[in-house]
Structures are given as structure tokens and as C-alpha cells.
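Comments concern the structure below.
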Number of protein chains: 2
Amino acid sequence: MKKMTRGQLAKQTGLTTAAIRFYEDEGLLPQPERSESGYRLYGDEYLTMIQFIQDTKALGYPLSRIGDTLRKLGEGPEMDVEAIRELVREQIAGIEQQERHLAEVKLHLGRLLTEYDDEAVREYMRSFRREPEEE
Amino acid sequence: MKKMTRGQLAKQTGLTTAAIRFYEDEGLLPQPERSESGYRLYGDEYLTMIQFIQDTKALGYPLSRIGDTLRKLGEGPEMDVEAIRELVREQIAGIEQQERHLAEVKLHLGRLLTEYDDEAVREYMRSFRREPEEE
DNA sequence: ATAAAGGTTGAAGTATACTTCAAGGTCAAG
DNA sequence: CTTGACCTTGAAGTATACTTCAACCTTTAT
């Protein structure tokens with residue numbers, strides 16, 4: 001398998017080299033192999049891990065938590081498969097909660113476009129303004 | 001209409017009083033009316049605005065952008081209704097993109113639970129580990 | 001063989017979103 | 001009429017997630 005330098009990995013993933021370095025420093029990514037001269041050599045497993053980081057970040061999880069999960073996933077064959085499934089289930093539950101929230105907000109906004117006329121939109125706008133001050 | 005103090009508004013919205021102050025300082029919320037003694041008095045329109053901030057923040061928008069939108073919404077009756085509809089459409093498009101992304105990630109994770117057996121899960125775990133280094 | 005492009009390190013800087021501190025004024029209850 | 005909860009302000013501090021700087025070494029192309 002061909003290994004990548006940090007710059008190549010950055011290009012593949014859309015991250016900056018500095019961001020990859022940061023993730024390594026924070027323990028989200030394990031230290032990769034090095035070449036004779038000290039260059040880091042990243043295998044394809046780094047693409048998988050970074051994909052996981054990007055997906056999970058999009059769900060709003062902090063890097064600290066992502067790092068925890070990622071380290072558990074990498075713990076090795078001695079790790080309980082059921083524990084992994086549980087991690088995955090948690091993640092899915094989080095996604096579903098977010099889906100419900102999005103649907104709710106979307107419904108609210110959508111009504112402005114479909115069910116209401118211009119006067120209703122003006123009304124909505126008024127709810128964002130201070131009422132006329134009566135002295 | 002009864003007005004609230006900052007603490008009451010905080011309780012209603014789940015924010016801290018310091019966060020509300022911060023939003024005012026940043027221009028997300030307009031300066032509210034004051035009592036004789038200088039206490040801020042918030043009307044119900046602040047509940048609407050803070051709900052909007054919380055919804056929009058959940059979509060991943062930065063406060064700066066939320067502030068822009070919120071100020072436009074509050075600009076007054078002279079603002080073009082079509083411009084408001086356009087803002088709302090943009091917001092909905094953002095939600096839909098996020099929904100698609102969530103569905104994709106969920107599908108990927110879901111397959112681990114339903115379609116694959118323990119060996120497949122182990123395989124997935126292996127993709128998070130460095131391959132054995134051959135010298 | 002040299003120059004540009006890209007790699008290495010330690011360390012400091014930035015942006016976002018708040019929180020916490022300090023020092024004081026106000027209000028409602030007992 | 002004082003105590004405690006809550007309000008005010010300016011200013012500094014914190015957490016997260018990176019980015020940028022400086023100084024130097026390696027690889028690739030001409």
C-alpha cells in the first residue's frame with residue numbers, strides 16, 4: 001500500500017496540514033509511520049479516520065469526545081464488539097434527535113413560504129421588532 | 001404586556017444572563033427598554049428572537065451571520081417581503097443539505113448494526129487501526 | 001547544483017462564544 | 001431597615017479549534 005505525506009493527506013481530505021498536525025497532537029489521530037528522513041507516512045486508514053472525524057464533527061460533537069470514540073474504535077480485536085455496537089447506536093440516536101430538530105425548524109420556516117401570504121410574513125417580521133413604546 | 005428582567009428572560013430561554021448580555025453586546029439582540037432605575041425590561045419579542053438564535057445556532061451558523069439575518073428581519077415594514085422570503089429559502093436550503101448529510105452518515109453507521117455481523121464490525125474497527133508495519 | 005515546493009519542530013497568535021470577576025446599585029421580604 | 005437575591009458596568013479569563021510564524025531540513029524539477 002502506498003503511503004501519503006501530510007500534504008497529500010490534506011488534499012485528499014480537504015483539511016490543512018496544520019489541522020492534521022493538530023489532530024495528531026490532540027490524540028485524535030495516532031502517530032503515523034516515518035520515513036528515513038523523518039517525513040510522516042500516512043496509510044489509507046487515515047482517510048477513514050478523518051472521514052469519521054468530519055462526519056462526527058458535523059453532528060456537533062466536540063473533538064475531545066470524537067477522540068475518545070476514535071481511540072476506542074482503534075483499541076484492537078480485544079475490544080468487545082457489543083461495546084462498538086453500543087457506540088454506534090449512541091451516534092445514531094444523536095443523529096435522529098438532530099433530524100427531528102431540523103424537521104421542526106424547517107416546518108416552522110416552510111409555513112412562512114407556503115401557508116402564509118405577504119401580510120403573514122410582515123407579521124412574522126414584526127415579532128422580531130420591539131413593540132412601539134407606550135409612555 | 002408584562003416585561004421581564006434579564007434573569008427572567010434567562011430562565012424562560014435556558015440561556016444565562018451573561019449570554020444574553022453577550023448577545024446584546026454583539027448586536028444580535030437590540031437594546032431593550034429600561035426602567036427608571038436602569039433595569040432592562042424585555043418584552044415577549046425577545047423570546048421570539050432568542051428562539052430564532054437557538055434554532056439557527058443548531059444549524060451550525062455562526063453568531064455573526066445570525067446577527068445579520070436577525071437585523072434584516074427587524075428592519076421594519078419598509079423591507080421587501082420577497083427579500084425576507086429569500087432569507088427563509090436560504091435557511092431551508094441549508095437545513096436540507098444538512099438533512100442529506102445526516103442521512104448519509106446514518107446509513108453508513110446503520111449498516112454496521114443491521115447488515116453486518118460481528119466479523120464485519122471487527123473489520124470496520126480494523127479500518128481505524130494502523131496496519132501491521134512491514135519492515 | 002540550485003531553487004522551489006513541501007516537510008519538520010516549538011511556540012505564539014486568532015476567532016468564536018461565552019464565563020467569571022469586581023465593585024457597586026436596586027428591590028422585596030421579614 | 002437590613003439582608004439577600006437580583007440588577008448594573010467594565011474588564012479580564014476560558015475553552016475549543018485551529019492558524020500562523022520562524023527557522024530549518026528534504027525532495028523534485030530544471
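Order of the sequence lines fixes the chain letters, A, B, ..., with proteins taken first and strands second; residue numbering starts at 1 for each chain.
Partner of A:Glu99 under the side chain to side chain contact (heavy atoms under 4.5 Å, CB included) criterion, out of B:Lys106, B:Glu99, B:Gln98: B:Lys106 alone.
Rounded to whole Å, atom C1' of D:dC25 lies 7 Å from atom OH of A:Tyr39. Following rounding to the nearest Å, A:Leu41 (CG) and D:dT27 (P) show an atom-to-atom distance of 10 Å. Atom CD in B:Glu36 sits about 15 Å away from atom C1' in C:dG25, given to the nearest Å. The distance between atom CD1 of B:Ile66 and atom P of C:dT16, rounded to the nearest whole Å, is 12 Å. Note: CZ (A:Arg6) to P (D:dC25) measures 18 Å, nearest angstrom. Distance, B:Asp25 CG to C:dT16 C1': 15 Å, rounded to whole Å. Look at CE on A:Met4: it is 19 Å from C1' on D:dT27, rounded to the nearest Å. Atom NZ in A:Lys57 sits roughly 7 Å away from atom P in D:dA17 (whole-Å rounding).
Checking the phosphate oxygens (OP1, OP2) of D:dC7, no side-chain nitrogen or oxygen of B:Ser37 falls inside 4.0 Å. Listed pair A:Arg40 / C:dG7 fails the phosphate criterion, with no side-chain N or O lying under 4.0 Å from OP1 or OP2. Proximity of B:Thr5 to the phosphate of D:dC7: a side-chain N or O atom is located under 4.0 Å from OP1 or OP2.
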Please list, for nucleotides 28-30 of chain D, all pairs of protein and nucleotide N/O atoms separated by less than 3.5 Å.
none

All N/O donor-acceptor pairs, side-chain side in residues 15-28 of chain B, below 3.5 Å, sequence neighbours left out:
| from | atom 1 | to | atom 2 | distance (Å) |
| --- | --- | --- | --- | --- |
| B:Thr16 | OG1 | B:Ala19 | N | 2.9 |
| B:Glu24 | OE1 | B:Arg6 | NH2 | 3.1 |
| B:Glu24 | OE1 | B:Arg40 | NE | 3.1 |
| B:Glu24 | OE2 | B:Tyr42 | OH | 2.4 |

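Looking at A:Lys2 and A:Asp44, their side chains come closer than 4.5 Å, going by heavy atoms from C-beta outward. No side-chain heavy atom of A:Gln51 sits under 4.5 Å from any side-chain heavy atom of A:Leu47. Considering only heavy atoms from C-beta on, A:His101 stays 4.5 Å or farther from A:Gln97 through its side chain. Side-chain atoms of B:Ile53 and B:Thr13, non-hydrogen and from C-beta on, never get closer than 4.5 Å to each other. Contact check for B:Lys72 versus B:Thr69: no side-chain heavy atoms found under the 4.5 Å cut-off.
Within residues 58-65 of chain B, the residues that have a heavy atom under 4.0 Å from DNA chain C are, in order of number, B:Pro62, B:Leu63. Of all the residues in residues 7-23 of chain A, A:Thr16, A:Ala18, A:Ala19, A:Phe22, A:Tyr23 reach under 4.0 Å from DNA chain D with at least one non-hydrogen atom.
The minimum heavy-atom distance linking B:Asp68 with B:Arg71 is given by the pair OD1-NH2, 2.9 Å. Among all heavy-atom pairs drawn from B:Pro30 and B:Met49, the shortest one is CD-SD, 3.8 Å.
Residues A:Leu41 and A:Ile50 do not share a hydrophobic cluster, defined by chaining ILVMFWY side chains whose heavy atoms lie under 4.5 Å apart.
The side chain of A:Arg34 lies closest to C:dT9, out of D:dT8, C:dT9, C:dA17.
Among residues two or more places apart in sequence or in another chain, the side chain to side chain contact (heavy atoms under 4.5 Å, CB included) test is passed with B:Tyr61 by B:Thr56, B:Leu59, B:Arg65, B:Ile66, B:Gln91. With sequence neighbours excluded, no residue forms a side chain to side chain contact (heavy atoms under 4.5 Å, CB included) with A:Glu104.
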